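Data block below; observations after.
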Amino acid sequence: MKILVIHGPNLDLLGEREVSIYGKLTLDQINVEINNLAKELNVETEIVQLSGEGEIVKKIGSSKKEGFSAIVINPAGYTHYSVAIRDAVAAVSIPTVEVHLSNIYAREEFRHTSVIAGAATGQVSGFGLNSYLLGLKAAVELTK
Ligand code: DQA
């Protein structure tokens with residue numbers, strides 16, 4: 001079983017970006033932990049970091065054809081306004097878990113709305129690295 005993990009824009013800067021909010025782990029370190037858990041759960045992953053909205057839309061759109069059973073996505077800044085990414089999630093109809101390192105509901109008001117959440121199967125927000133790990137576990141469960 002293959003799970004697609006998508007990191008959105010600016011997540012490539014983790015480790016140096018607003019450390020008090022996002023922590024010190026780099027994206028590479030997060031990816032190692034995701035892959036360690038994936039091994040334990042006996043699933044394959046493809047992990048991509050995509051900065052462009054169109055690139056994310058395209059990757060989600062081809063995910064079913066590419067044989068993915070579920071998606072874990074941190075849409076980053078697009079969370080709060082990308083109707084195109086929401087529509088892509090709704091269009092592919094495979095289980096999708098939205099994740100956020102920070103608790104978006106405890107931050108600035110413009111972050112309190114996720115336009116993706118209504119199309120996703122569920123959301124994990126506020127647990128740092130564990131948001132991804134819980135998201136991956138949920139995604140695997142959803143495929144059973
Ligand atoms: C984020 C939260 C978003 O509001 C922000 O734009 C990000 C990261 C998170 O993981 O906490 O880039 O998705």
Side-chain angles (χ1 to χ4, degrees), residues 1-41 43-64 66 68-143:
M1 185 201 304
K2 275 201 309 179
I3 310 284
L4 174 61
V5 180
I6 301 176
H7 302 288
N10 300 311
L11 295 171
D12 50 332
L13 300 176
L14 289 175
E16 56 184 272
R17 172 190 183 201
E18 297 177 278
V19 170
S20 61
I21 296 171
Y22 298 117
K24 284 188 190 154
L25 290 182
T26 65
L27 192 59
D28 284 347
Q29 290 170 325
I30 288 176
N31 289 342
V32 166
E33 297 299 329
I34 292 172
N35 278 328
N36 285 343
L37 177 62
K39 232 179 246 170
E40 264 176 49
L41 299 175
V43 296
E44 270 178 62
T45 58
E46 179 181 321
I47 306 180
V48 291
Q49 190 276 319
L50 301 170
S51 298
E53 185 179 22
E55 297 176 282
I56 295 175
V57 167
K58 267 196 175 166
K59 188 66 188 174
I60 294 170
S62 63
S63 58
K64 213 168 189 176
E66 289 186 57
F68 291 105
S69 303
I71 300 172
V72 175
I73 182 169
N74 183 346
Y78 292 130
T79 304
H80 313 297
Y81 70 94
S82 178
V83 174
I85 293 176
R86 179 200 169 102
D87 286 350
V89 170
V92 288
S93 69
I94 61 177
T96 299
V97 183
E98 176 187 340
V99 303
H100 298 284
L101 293 156
S102 64
N103 178 355
I104 58 173
Y105 303 100
R107 298 184 61 194
E108 303 97 320
E109 205 167 332
F110 68 87
R111 295 186 203 274
H112 296 182
T113 300
S114 166
V115 300
I116 315 294
T121 314
Q123 187 196 63
V124 186
S125 178
F127 301 103
L129 165 67
N130 279 322
S131 292
Y132 282 100
L133 302 182
L134 292 165
L136 180 62
K137 279 189 184 165
V140 172
E141 285 299 317
L142 287 165
T143 63

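What you see is a predicted model, and the numbers here were worked out from it, not measured in a lab. Whatever order the structure lists them in is the order used to number ligands and atoms, beginning at 1.
Applying the side chain to side chain donor-acceptor pair (under 3.5 Å) rule to T45 yields the partners N35; only residues at least two apart in sequence or on another chain are considered. Evaluation of the ring pair (Phe, Tyr, Trp, His ring centres under 6.0 Å) rule for Y132 yields H7 as partners, not counting sequence neighbours.
Residue-to-ligand polar distances place H100 within reach of ligand 1: an N/O pair is separated by less than 3.5 Å. No N or O atom of V99 sits closer than 3.5 Å to an N or O atom of ligand 1.
Considering each of I73, N74, L14, I21, the one bringing a non-hydrogen atom nearest atom 13 (O) of ligand 1 is N74. Nearest residue to atom 11 (O) of ligand 1 from S131, G128, S102 is S102 (criterion: closest heavy atom).
Using a 4.0 Å cut-off to heavy atoms of H80, the atoms of ligand 1 that qualify are 3 (C), 4 (O). Near R17, with a cut-off below 4.0 Å to any heavy atom, the atoms of ligand 1 are 7 (C), 12 (O). Which parts of ligand 1 touch I104 is read off a 4.0 Å heavy-atom cut-off, strictly below it: atoms 2 (C).
Looking only at distances, a side-chain donor or acceptor of S125 sits under 3.5 Å from a matching main-chain atom of I104. A donor-acceptor pair under 3.5 Å is absent between the side-chain atoms of T96 and the main chain of I71, judged by distance alone. The backbone N or O of A76 lies less than 3.5 Å from a partner atom in the side chain of T79, making a donor-acceptor pair.
Ring planes of H112 and Y105: tilted class, angle from 30 to 60°.
Judged by distance alone, the side chains of S51 and Q49 do bring a donor and an acceptor atom under 3.5 Å apart.
The closest approach between Y78 and ligand 1 stays at or above 4.0 Å for every heavy atom of the residue.
For atom 9 (C) of ligand 1, the closest non-hydrogen atom on the protein side is L101 N, 3.4 Å. In terms of protein heavy-atom proximity, atom 6 (O) of ligand 1 is closest to R111 NH1, 3.1 Å.
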